[in-house]
There are 2 protein chains.
Amino acid sequence: MNMETLPIDEILKRNQLSVTDSRKKILELFKEHNGALAHSDIEKKTDEKFDRVTIYRTLQTFVEKGIIHTIPTPDNAVLYALCKDGCSSTGHHHDNHVHFVCDHCNVTYCLDSVVTPEVKLPQGFKPKVIDVVVTGICNNCEV
Amino acid sequence: MNMETLPIDEILKRNQLSVTDSRKKILELFKEHNGALAHSDIEKKTDEKFDRVTIYRTLQTFVEKGIIHTIPTPDNAVLYALCKDGCSSTGHHHDNHVHFVCDHCNVTYCLDSVVTPEVKLPQGFKPKVIDVVVTGICNNCEV
DNA sequence: AGAGATTTGCAACAGAGTTGCAGAATCTTT
DNA sequence: AAAGATTCTGCAACTCTGTTGCAAATCTCT
């Protein structure tokens with residue numbers, strides 16, 4: 001499914017979700033925002049119009065449906081970002097791209113073009129998922 | 001500093017830390033345990049002999065001194081493991097090894113022998129730290 | 001428009017982590 | 001070895017993040 005071009009209502013319907021204000025608004029935020037969002041970001045950006053609990057449940061639902069995915073960060077905060085094509089809706093995302101956290105503007109990017117590198121593990125270790133998080137300066141903050 | 005061979009009291013003294021029961025015990029746990037520990041693990045393994053707050057502060061102090069380092073995990077829990085040689089005591093660890101979380105036994109390993117792979121970033125992105133967390137089956141749980 | 005399913009908001013709770021402060025332990029100095 | 005200064009610990013209280021149960025509101029479908 002191509003989230004980039006599909007209207008918001010359509011994305012929700014195709015995932016068998018009721019079209020509600022909170023879901024529309026939160027999904028809209030993700031489409032507008034070029035980067036990952038934390039729960040607190042969403043709370044602020046929606047002007048506290050929705051209950052905390054609603055936001056938590058909406059995010060949970062979106063993750064389950066494969067609309068968004070979570071990003072592990074070095075400081076152990078939970079971030080969410082829109083999934084691109086190829087994410088399954090079973091919760092097992094093919095989330096094989098690199099994430100980048102900017103030290104300066106603090107924005108987290110999904111670098112979809114950068115594929116997770118191979119890692120050679122010691123004998124007996126069998127990898128399933130490889131998460132790569134790069135911290136540094138992004139192309140907006142670069143001088 | 002070589003943490004592997006140095007006696008516990010010596011490690012504390014060299015980091016200008018008072019030698020106290022809690023610090024000795026917690027450091028001992030890290031030396032005995034071949035893997036990462038969470039705050040809750042330490043609470044259990046010390047038989048609740050020390051206050052939660054003391055454990056938090058001890059871990060914080062150890063991180064600041066470069067004795068242990070934190071590990072980012074996919075499920076956003078905070079884990080700690082002993083630093084090897086080369087960790088600075090300024091908080092900027094040269095923590096350039098891969099971490100491995102076993103799906104089965106749930107142990108987290110520092111794979112010191114596995115060096116973080118290079119990642120090619122898009123124009124303008126300047127990397128500083130690269131965190132790699134691999135999830136899978138470890139060499140103990142392998143059939 | 002109305003029945004039935006889904007979703008929301010509230011309240012209450014659980015867990016993780018932090019802060020201030022008084023008392024206890026440790027270190028330093030003699 | 002003991003006093004004084006410094007550092008550390010434990011308690012209480014608090015914040016922040018996330019979860020659960022339930023009644024009321026909203027949405028879907030015909």
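Note that these values count all heavy atoms, side chains included, but never hydrogens, waters or copies made by symmetry. By convention in this document, chain letters (A, B, ...) are assigned in the order of the sequence lines, proteins followed by strands, and residues within each chain are numbered from 1.
Direction of the helix axis in the helix from C:dA1-D:dT30 to C:dT30-D:dA1 shifts by 40° between the two five-pair termini, rounded to 10°.
Listed by chain and residue number, nothing satisfies the salt bridge (charged side-chain N to carboxylate O under 4.0 Å, His left out) test with A:K49 (two or more places apart in sequence, or in another chain). Checked against ring pair (Phe, Tyr, Trp, His ring centres under 6.0 Å), A:F30 has no partners two or more places apart in sequence or in another chain. Residues satisfying the salt bridge (charged side-chain N to carboxylate O under 4.0 Å, His left out) criterion with A:E10, sequence neighbours excluded, are A:R14. Under the side-chain hydrogen bond (donor to acceptor under 3.5 Å, both in side chains) criterion, A:D9 pairs with no residue, sequence neighbours left out. Listed by chain and number, the residues in a ring pair (Phe, Tyr, Trp, His ring centres under 6.0 Å) with B:F50 amount to none (sequence neighbours excluded). Residues satisfying the salt bridge (charged side-chain N to carboxylate O under 4.0 Å, His left out) criterion with B:D103, sequence neighbours excluded, are A:K128. Legend: residues meeting side chain to side chain contact (heavy atoms under 4.5 Å, CB included) with A:V119, ordered by chain and number and at least two apart, are A:L121, A:I130, B:V98, B:V114, B:P117, B:V132.
Here ring-ring contact (aromatic ring centres under 6.0 Å, His included) pairs that include residues 103-131 of chain A, with residues two or more places apart or in two chains, are A:Y109-B:F125, A:F125-B:F100, A:F125-B:Y109.
Members clustered with B:V133: B:V101, by chain and number, using a 4.5 Å side-chain heavy-atom cutoff among hydrophobic residues.
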Nucleotide by nucleotide, 5' to 3', does protein get under 4.0 Å of the base (B), only the sugar-phosphate (S), or neither (-) in nucleotides 17-30 of chain C, counting heavy atoms? BBBB-----SS---

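B:H69 and B:H97 have perpendicular rings, their planes meeting at more than 60° on a 0 to 90° scale where under 30° would count as parallel.
Here the C1' atom of nucleotide C:dG15 and the CD1 atom of B:I42 are 17 Å apart, to the nearest Å.
In 5' to 3' order, the nucleotides of DNA chain D bounding all contacts with chain A (an atom under 4.0 Å from a heavy atom) are D:dT17 to D:dT28.
Note on A:S40: nothing from the nucleic acid sits closer than 4.0 angstrom, heavy atoms only.
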